[in-house]
Number of protein chains: 2
Amino acid sequence: MAQKLTLKKIAQDLKVSISTVSKALRDSYEISEETRKKIQEYAKQYNYKPNSIALSLKNQKTKKIGIIIPEIVHHFFATVISGVEHVANEKGYQVIICLSGESFDKEVVNMEMLANGSIDGFILSLSKETMSKQDFHHLREVINQGMPIVMFDRVADDIPGDKIIIDDVTAASEATDFLMRKAKKNVGILSTVDYVNVGRLRTQGYSEALMKRGVEVNQDLILKIEDIDHCDELIEKFIDNNPSLDGIVAVNELFAVTASKILTRKGKRIPDDVAIVAFTDGMLSKYSNPSLTTIGQNGYEMGGIAAAKLIDRLEQDQKDEERYETVIVKTSLIERESTP
Amino acid sequence: MAQKLTLKKIAQDLKVSISTVSKALRDSYEISEETRKKIQEYAKQYNYKPNSIALSLKNQKTKKIGIIIPEIVHHFFATVISGVEHVANEKGYQVIICLSGESFDKEVVNMEMLANGSIDGFILSLSKETMSKQDFHHLREVINQGMPIVMFDRVADDIPGDKIIIDDVTAASEATDFLMRKAKKNVGILSTVDYVNVGRLRTQGYSEALMKRGVEVNQDLILKIEDIDHCDELIEKFIDNNPSLDGIVAVNELFAVTASKILTRKGKRIPDDVAIVAFTDGMLSKYSNPSLTTIGQNGYEMGGIAAAKLIDRLEQDQKDEERYETVIVKTSLIERESTP
DNA sequence: TGATTTTACGAAAACGTTTTCGGCTCGTTA
DNA sequence: TAACGAGCCGAAAACGTTTTCGTAAAATCA
């Protein structure tokens, strides 16, 4: 149980001053060859590592970034974190994770916990509750203290900070058009309630695609689901109410795979009778039966970009460059068995 | 861009000393009612929050725990983190995450990065490479410095620290027996190579279950897969080579769902012709078609237990209680469509 | 030899806390 | 009135760094 080695202890053991040790370890010209060697060897032998807390305090930089997301048990968020972690580590940063569990209060508490010096900057995706409340005072507070924020996926438009998003409208439009090109005449959409940005935007893209081809938007073909845990009944009713339905755009994997299952049970063939395109290229799409054609959101890439942007901002010292950027990450349509 | 408020600034503004401010904010009896009120109100108005880095340095405690796992894009690990985070936050701790990506070197580097004062203790699940090398010097080093370690799932038996595992042998045995009770006569297992603990133990449990019922273990019915990315071909060959196969135990979801797909394609009916039980109760099992009967590893619970154990150890000051515990978390068999 | 520069090191401040201890100003008591 | 005890507050140390500045001794130069 060797006590953790510090400069002070090395100094005592070698009968020199703390400053000498510090300088020797940083190869300062002020220290003689002889003393330097001695100190460096001693440090190496006993595996000295500078205490990062002390460094943080001195430098007023923690080399840590905080990330707050609604859930981690969610493939998309997990990939984003993976991307963040990779880039951050590469640049010598560590990642602290907090989960809001889709709760506004937890999001606020977590931000306060992290903003008291624990980290240098934030990456976050807002909770559903925050989106519906449109209350962003906690973000403003943090920003006022000079801490940069990068938001991804679920962003607050009028908050000063970089944003990494996908073009939901275009992506949904392309997905819808893709189905129509496959000769599907009655394409519906399984979406979420409108206060969730992605739900609203994807529904919009869906509508735009229809209109571009001169197809009238039929509200019966739009299902907005609030409670994801009980989507089964809603989707089943939706399917029963729309017997002519032959194409589905789903804003997430779960809706898609649920629909797929219900359809199969009802004797419909996929993709011949009904084709399906899902957002989020996760495990479910890849391995479900039939596998699903999806719109990949490239979460890993998003995470990487978010981390790179944040760290850039942290390491450029002139703050005058106050232009915030919104990066739109390309989506990719991955064709699988659920479309012809 | 208000500068972050410190004790010093409050002291200057209110023309008192730093110590007075500190004491006033901690409700010390040494400070007069009047001064205390004044300081507390000022602090509240300008939203003073003590700097956590300074506190860490002073107290020699960071109130942070580090967690190193192979991958985060993996349902089981994600649930564990979720459990860790929940319990940790409840007790005022934050969670720093590092990913080893199944690489020994990255695991070592990450541990060194965290062990220099960033955290108070570790929770980890070892990388595959570490397991195959059986090189645990990095763990020993950290422990020697007095930092407690809690391992889960992939643990190193002879390292002093708490361990949270499931009883793989029993779980696999129960799964196998479950299939046999369903009148399956030729049950095989899709496993991993032996240096992965869980693979070895689950294979052992499988064999024990057979032997208990007087069935001879047939090596042809045991498939050990090394490269998870190309499991398709191996599994297909395995199925072709064993035409009488009517039950499968898979050590993870992916193997199970892959087998399920191949079997379906070959015209076999699940569960009538072949029944399947998978380890890991994740998205795939729940939503694949047919849904899979699984052995839930209760990752959320494991994470919670790991966090609680670690924090307990951190907060008990007398180190004499050096008895390390191995907690065996109960698995749960969740019946779905892939078994009769 | 005396003056000046170079070499090599140490003292101290700073980052933001908490806490111990010392001390000043009252009012109370002998 | 002198001594003493509250009551109230500030100075300083400590946590582990880095860095600026000061300075003694040694080396160089005139």
Side-chain angles (χ1 to χ4, degrees), chain A residues 2-40 42-43 46-64 92 115-120 145-147, chain B residues 2-40 42-43 46-64 92 113 115-120 145-146:
Chain A
Q3 277 303 314
K4 190 75 183 151
L5 200 54
T6 67
L7 290 185
K8 196 197 238 181
K9 275 183 217 121
I10 300 183
Q12 284 171 351
D13 293 356
L14 263 45
K15 311 221 187 300
V16 291
S17 78
I18 295 179
S19 10
T20 303
V21 179
S22 174
K23 289 174 194 166
L25 292 177
R26 323 192 92 241
D27 276 324
S28 161
Y29 69 97
E30 289 183 35
I31 305 300
S32 71
E33 181 79 14
E34 190 191 5
T35 324
R36 217 180 340 175
K37 275 268 169 60
K38 184 177 65 178
I39 292 175
Q40 289 183 350
Y42 190 92
Y46 294 104
N47 194 29
Y48 168 77
K49 291 273 160 47
N51 180 300
S52 76
I53 298 287
L55 284 177
S56 295
L57 187 58
K58 178 110 189 67
N59 302 332
Q60 300 289 77
K61 295 196 173 169
T62 62
K63 299 284 251 173
K64 299 196 197 332
N116 61 13
S118 295
I119 60 167
D120 296 338
Q145 286 174 10
M147 189 169 287
Chain B
Q3 278 302 315
K4 190 75 183 149
L5 200 56
T6 68
L7 290 186
K8 197 197 236 180
K9 278 185 215 118
I10 300 183
Q12 284 170 353
D13 294 355
L14 264 45
K15 312 220 185 301
V16 291
S17 77
I18 296 180
S19 9
T20 303
V21 179
S22 174
K23 287 175 195 164
L25 292 177
R26 322 191 92 243
D27 277 324
S28 162
Y29 69 96
E30 289 183 37
I31 306 300
S32 70
E33 181 79 12
E34 191 191 4
T35 325
R36 218 182 336 175
K37 274 268 168 62
K38 185 177 64 177
I39 294 176
Q40 289 183 350
Y42 190 93
Y46 295 103
N47 193 28
Y48 168 78
K49 291 272 159 49
N51 180 298
S52 79
I53 298 288
L55 283 177
S56 295
L57 187 60
K58 178 108 188 68
N59 301 332
Q60 299 289 78
K61 295 198 171 165
T62 62
K63 297 285 250 177
K64 297 195 197 335
M113 280 186 65
N116 60 14
S118 295
I119 59 167
D120 296 338
Q145 287 173 10

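To find a chain, count down the sequence lines: A is the first, B the second, and so on, and within it residues start at 1.
One finds no side-chain N or O of A:Arg26 lying less than 4.0 angstrom from the OP1 or OP2 phosphate oxygen of D:dT17. Contact annotation: B:Gln60 side-chain N/O to D:dA14 OP1/OP2 distance is not under 4.0 Å. Taking only side-chain nitrogens and oxygens, A:Lys8 never comes nearer than 4.0 Å to OP1 or OP2 of D:dT17. Within the structure, every side-chain polar atom (N or O) of B:Tyr29 is placed at least 4.0 Å from both OP1 and OP2 of D:dC9.
In this structure, B:Gln12 atom CD and C:dG16 atom P are separated by 11 Å, rounded to whole Å. Nucleotide C:dT17 holds its C1' atom 14 Å from the NZ atom of B:Lys9, rounded to whole Å. Spacing between atom CG of B:Asn59 and atom C1' of C:dT17 amounts to 8 Å, rounded to whole angstrom units. The distance from atom CG of A:Leu7 to atom C1' of C:dA12 is 15 Å, rounded to the nearest whole Å. In this entry the distance linking NZ of B:Lys58 with C1' of D:dA14 reads 5 Å, nearest Å. Here the P atom of nucleotide C:dG16 and the CD1 atom of B:Ile10 are 12 Å apart, to the nearest Å. Protein atom CG of B:Leu57 is 17 Å distant from nucleotide atom P of D:dA13, rounded to whole Å.
Contacts between residues 13-20 of chain A and DNA chain C, defined by a heavy-atom separation under 4.0 Å, are made by A:Val16, A:Ser17, A:Ser19, A:Thr20. Within residues 31-40 of chain A, no residue has any heavy atom closer than 4.0 Å to DNA chain D.
Residues B:Ser56 and B:Lys64 form no side-chain contact, since every pair of their non-hydrogen atoms from C-beta on lies 4.5 Å or further apart. In this structure the side chain of A:Leu5 never reaches within 4.5 angstrom of the side chain of A:Asn47, judged on heavy atoms. B:Leu14 is listed as a side-chain neighbour of B:Ile39, based on a closest heavy-atom distance under 4.5 Å. Within the 4.5 Å cutoff, the side chain of A:Tyr46 has no heavy atoms near those of the A:Asp13 side chain.
Scanning atom types as modelled, no donor and acceptor separated by under 3.5 angstrom connect the side chain of B:Glu30 and the base of D:dC8.
Every side chain to side chain contact (heavy atoms under 4.5 Å, CB included) that B:Lys37 has, sequence neighbours left out, goes to B:Glu33, B:Glu41.
Looking only at distances, no side-chain donor or acceptor of A:Asn59 sits under 3.5 Å from a matching main-chain atom of A:Lys61. A donor-acceptor pair is defined here as one N or O able to donate and one able to accept, closer than 3.5 Å; such a pair exists between the side chain of B:Lys9 and the backbone of B:Lys4. Proximity of a side-chain donor or acceptor of B:Asn116 to a complementary backbone N or O of B:Met113 within less than 3.5 Å is detected.
Nucleic acid contact class of B:Thr6 (heavy atoms, under 4.0 Å, all strands): sugar-phosphate only.
Nearest heavy-atom pair, B:Ser52 versus A:Gly117, reported as atom, atom and distance to 0.1 Å: OG-C, 4.1 Å.
Comparing B:Lys23 and B:Asn51 by the nucleotide of DNA chain C that holds the closest heavy atom to each, the one mapping nearer the 5' end is B:Asn51.
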